[in-house]
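Beneath this line is the structure, given in structure tokens, with notes to follow.
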Amino acid sequence: MKNSYSTRELADLLSVNESTVKRWADSGFIECIKTKGGHRKFPIRSVLKFIHANQMNVPALSLAEFDKKDVQAHLSAGFVDVLVPALKEAALQGDSFEVQRLLRTGLISQPDIIMLYNQLLFPALVDIGTGWQNGTLRVDAEHLATQAIKSALFRFQSEIHLKEPNGLSAVVSCFEGETHDIAITCIASYLTSEGWKVFHLGQDIPTDDLALFIRAKKPHLVAISANTVEDERKFVYGINNKIVPAAKKVGALTIVGGAGIPGRFSGRLKCDVLSENIADCMAIHKEFIDEQSAVTK
Ligand code: B12
């Protein structure tokens, strides 16, 4: 994948005339930079945002990366899981730019951000965790991979098309003591791309501080991640007596997610939704948008 395209190259890639590309650039539909000689240059970041915003299918962009026919066939059918081994390898090498490039390649075949993370990023992380659990990977290797993924995710966000602000806001956070924050980073990435204002608090937020933050920001949604709940009593107390009341006070919906959370805590937590898949945030987003359009009708 090239780092930037000329007007001619972009026109070929998107199967349109050069004049169409120039018109898009001049009317601001696609960002470009002008070279010293006055020529338009389209950085890959702008090209991706444009493709993503317009839900275009441009198989040539991702397929050119792979010689193998079976990989090409999978990608053009939208199955990004074929990239999992390469992403895992890049992460284990600490090569965050390669991780980012693979996410970018995946995005072209799978423009749905949540599906992209669920099908490409998470399986690689689960494999890495299994390696650590069965002793084939040491902690240093796991940490290097995690850092590479987090840096790649951070930069990748600038390549995702962001919809116009929709007036909704969310607080996303890990529960006290929780350090696994990649799931909420992905939720934040998705909601931001859908036009939400997101307050991403990250790892290990003291429950009292989180409750105060919710009261101060008055979000529409509170999304909390809890993967490794050791002290169940403290967790249930914190959610039921601090987080949910704070969210209710400001009219926010609360979703608590994490591996095994619904099975383990069903009937014991007073939050609105228990989940073990970030895809549930898509359904919640759609409900909010439907509600908004019902009110404006
Ligand atoms: C990277 C990693 C770490 C990194 C985390 C860095 C970071 N910034 O995130 C570090 C090294 C810090 C770490 C620490 C530990 N880890 Co760790 N870690 C992992 C690893 C390899 C990947 C985690 C990850 O990001 N997975 C991908 C994400 C997306 O998966 P996920 O968080 O589970 O999210 C899915 C669902 O749970 C759900 N979800 C999660 N949160 C939310 C929130 C909402 C709102 C919703 C809707 C959904 C949702 O959606 C996702 C799927 O769509 C996993 C392996 C694995 N199987 O995941 C182990 C793993 C999670 N870790 C594990 C353990 C045991 C630990 C430690 C206790 C190790 C130790 N002895 O110190 C500590 C825990 C410290 C703590 N209290 O938090 C175990 C957990 C077992 C368990 N459930 O009890 C795992 C499964 C490894 C294993 N196979 O044993 N870890």
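Note that ligands are numbered from 1 as they come in the structure, with each ligand's atoms numbered from 1 the same way. All values reported here derive from a predicted model rather than from experimental measurement.
Although no hydrogens or angles enter the test, the distance criterion places a donor-acceptor pair under 3.5 Å between the side chain of Thr185 and the main chain of Asp181. In this structure, the side chain of Glu276 engages the main chain of Gly260 through a donor-acceptor pair within 3.5 Å. The backbone N or O of Ala90 lies less than 3.5 Å from no partner atom in the side chain of Asp95, so there is not a single donor-acceptor pair. Side chain of Glu178 to backbone of Thr228: a donor-acceptor contact under 3.5 angstrom is found. Judged by distance alone, the side chain of Glu31 and the main-chain N or O of Ser46 form no donor-acceptor pair under 3.5 Å. No donor-acceptor pair under 3.5 Å is formed between the side chain of Asn166 and the backbone N or O of Ile289.
What sits closest to atom 9 (O) of ligand 1 on the protein, heavy atoms only, is Asp181 N, 2.9 Å. Closest to atom 34 (O) of ligand 1, if we only count protein heavy atoms, is Ala183 CB, 3.6 Å. Nearest protein heavy-atom neighbour of atom 26 (N) of ligand 1: Leu125 CB, 3.8 Å. At the shortest separation from atom 12 (C) of ligand 1 among protein heavy atoms lies Thr179 OG1, 3.7 Å. Nearest non-hydrogen protein atom to atom 35 (C) of ligand 1 is Glu276 O, 4.3 Å. Atom 41 (N) of ligand 1 has its closest protein heavy atom at Ser225 OG, 2.6 Å. What sits closest to atom 4 (C) of ligand 1 on the protein, heavy atoms only, is Glu142 OE2, 4.0 Å.
Closest non-hydrogen pair, Ile184 versus Gly202, comes out as CD1-O, 3.8 Å. Of all heavy-atom pairs spanning Ile243 and Ala211, the tightest one is CD1-N, 4.1 Å.
Environment of NZ in Lys197: sparse, with no more than 12 heavy atoms of neighbouring residues, nucleotides or ligands closer than 6.0 Å. The 12-atom threshold is exceeded at CZ of Arg268, counting heavy atoms of other residues, nucleotides or ligands nearer than 6.0 Å. Within 6.0 Å of the CZ atom in Phe122, the count of heavy atoms belonging to other residues, nucleotides or ligands exceeds 12.
Between Gly177 and ligand 1, at least one pair of N/O atoms sits closer than 3.5 Å. On a distance-only criterion, Ala259 and ligand 1 share at least one N/O pair closer than 3.5 Å. When only interatomic distances are considered, the shortest N/O to N/O separation between Ile278 and ligand 1 falls below 3.5 Å. The shortest N or O to N or O distance between Thr130 and ligand 1 is not below 3.5 Å. The shortest N/O to N/O separation between Ser275 and ligand 1 does not fall below 3.5 Å. Ligand 1 has a nitrogen or oxygen under 3.5 angstrom from a nitrogen or oxygen of Asn118.
Interface of Lys150 with ligand 1, defined as ligand atoms under 4.0 Å from a residue heavy atom, comprises 8 (N). Listed by number with element, the atoms of ligand 1 under 4.0 angstrom from any heavy atom of Ile182 are 9 (O), 25 (O). Using a 4.0 Å cut-off to heavy atoms of Gly129, the atoms of ligand 1 that qualify are 21 (C), 55 (C), 89 (N). Per-residue contacts place Thr228 under 4.0 angstrom from the following atoms of ligand 1 (heavy atoms of the residue considered): 76 (C), 77 (N), 78 (O), 80 (C), 84 (O). Each of the following atoms of ligand 1 lies closer than 4.0 Å to a heavy atom of Asn227: 31 (P), 32 (O), 33 (O), 37 (O), 83 (N). Here is the list of ligand 1 atoms found below 4.0 Å of a heavy atom in Thr146: 1 (C), 6 (C), 7 (C).
Put simply, atom 30 (O) of ligand 1 has no protein non-hydrogen atoms near it, under 4.0 Å away. For atom 89 (N) of ligand 1, the nearest protein heavy atom is under 4.0 Å away. Within 4.0 Å of atom 44 (C) of ligand 1, at least one protein heavy atom is present. In this structure, atom 70 (C) of ligand 1 has no protein heavy-atom contact shorter than 4.0 Å. Checking atom 19 (C) of ligand 1 against the protein gives a heavy-atom contact under 4.0 Å. Closer than 4.0 Å to atom 55 (C) of ligand 1 lies at least one heavy atom of the protein. Protein non-hydrogen atoms do not reach within 4.0 Å of atom 86 (C) of ligand 1.
Closest heavy-atom approach to atom 59 (C) of ligand 1 among the candidates His180, Gln203, Gln147, Met282: His180. Closest to atom 49 (C) of ligand 1 by heavy atom, among Ala223, Pro123, Gly258, Gly131, is Gly258.
Assignment of Asp280 to the shell around ligand 1 is not supported, since no heavy atom sits closer than 4.0 Å.
With a 4.0 Å cut-off on non-hydrogen atoms, Val126 touches ligand 1 through its backbone as well as its side chain. Only side-chain heavy atoms of Trp132 come within less than 4.0 Å of ligand 1; its backbone N, CA, C and O stay farther off. When non-hydrogen atoms are compared, ligand 1 lies under 4.0 Å from the side chain of Ile187 (C-beta onward) but not from its backbone. Of all the heavy atoms of His143, the ones lying under 4.0 Å from any atom of ligand 1 belong exclusively to the side chain. Using a 4.0 Å cut-off between heavy atoms, Gln133 contacts ligand 1 through its side chain alone, with no backbone atom that close.
Atom CG of Leu253 and atom CG of Asp272 lie 4.0 Å apart (nearest 0.5 Å). Rounded to the nearest 0.5 Å, atoms CD1 (Ile113) and OG (Ser193) are 5.0 Å apart.
The side-chain contact (heavy atoms from CB on, under 4.5 Å) with Tyr117 is formed by just one residue from the set Ile182, Leu153, Ile187; it is Leu153.
Residue Ile114 is grouped with residue Leu83 when hydrophobic side chains (ILVMFWY) are merged at heavy-atom distances under 4.5 angstrom, including chains of intermediate members.
At a threshold of 4.5 Å between non-hydrogen side-chain atoms, the residues Leu92 and Leu137 count as touching. Side-chain atoms of Leu201 and Phe213, non-hydrogen and from C-beta on, do get closer than 4.5 Å to each other.
Side-chain contact of Trp196 with His220: a donor-acceptor pair under 3.5 Å is absent, judged by distance alone.
Here Asp12 pairs with Arg8 in a salt bridge; the nearest charged N to carboxylate O distance falls below 4.0 Å.
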